Amino acid sequence: MNIILNGEPTTVADGSKVADLLHALELADKRVAVEINGDIVPRSLHGTHKLSEDDRIEVVVAVGGG
């Protein structure tokens, strides 16, 4: 299935969920914000929210600083 990830065309397996994508990106244990088609997907839904063909996904990693 084709998606747009942070502005780049990307292919993921059919039936993938947000959590699957984050795992593939090695971001599963990081603090991230995920937006799909303009809507934020809460962390509590990462394991159940299925990705769809042509979804536009933005993943932002939170970084700490002082």
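Note that the structure is a prediction, hence the values are computed from the model and not measured.
- To the nearest 0.5 Å, atoms CG (Leu5) and CD1 (Ile57) are separated by 6.5 Å.
- Among residues two or more places apart in sequence or in another chain, the side chain to side chain contact (heavy atoms under 4.5 Å, CB included) test is passed with Pro9 by Ile4.
- In this structure Glu8 satisfies the side chain to side chain contact (heavy atoms under 4.5 Å, CB included) test with no other residue, sequence neighbours excluded.
- Here the side chains of Glu58 and Val34 are not in contact, with every heavy-atom distance at 4.5 Å or above.
- Pairs passing the side chain to side chain donor-acceptor pair (under 3.5 Å) check and including a residue from residues 33-45, sequence neighbours excluded, read Asn37-Asp55.
- Under the 4.5 Å side-chain heavy-atom criterion for Ile, Leu, Val, Met, Phe, Trp and Tyr, Ile36 and Val60 are members of distinct hydrophobic clusters.
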Which donor-acceptor pairs under 3.5 Å do the side chains of residues 21-33 make with protein atoms, sequence neighbours left out?
none

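- Under the rule for a side chain to side chain contact (heavy atoms under 4.5 Å, CB included), the partners of Leu45 that lie at least two apart in sequence or sit in another chain are Val41, Pro42, Thr48.
- When all heavy atoms of Met1 and Asp14 are compared, the closest pair comes out as CB-OD1, 3.1 Å.
- A chain of hydrophobic side-chain contacts below 4.5 Å, direct or via other Ile, Leu, Val, Met, Phe, Trp or Tyr residues, connects Val61 to Val18.
- When atom types are taken as modelled, the side chain of Asn2 and the backbone of Glu53 share no donor-acceptor pair closer than 3.5 angstrom.
- For Asp20, the side chain to side chain contact (heavy atoms under 4.5 Å, CB included) partners two or more places apart in sequence, or in a different chain, are Ser16, Lys17.
- When all heavy atoms are compared, the tightest approach of Ala19 to Gly47 is CB-CA, 4.0 Å.
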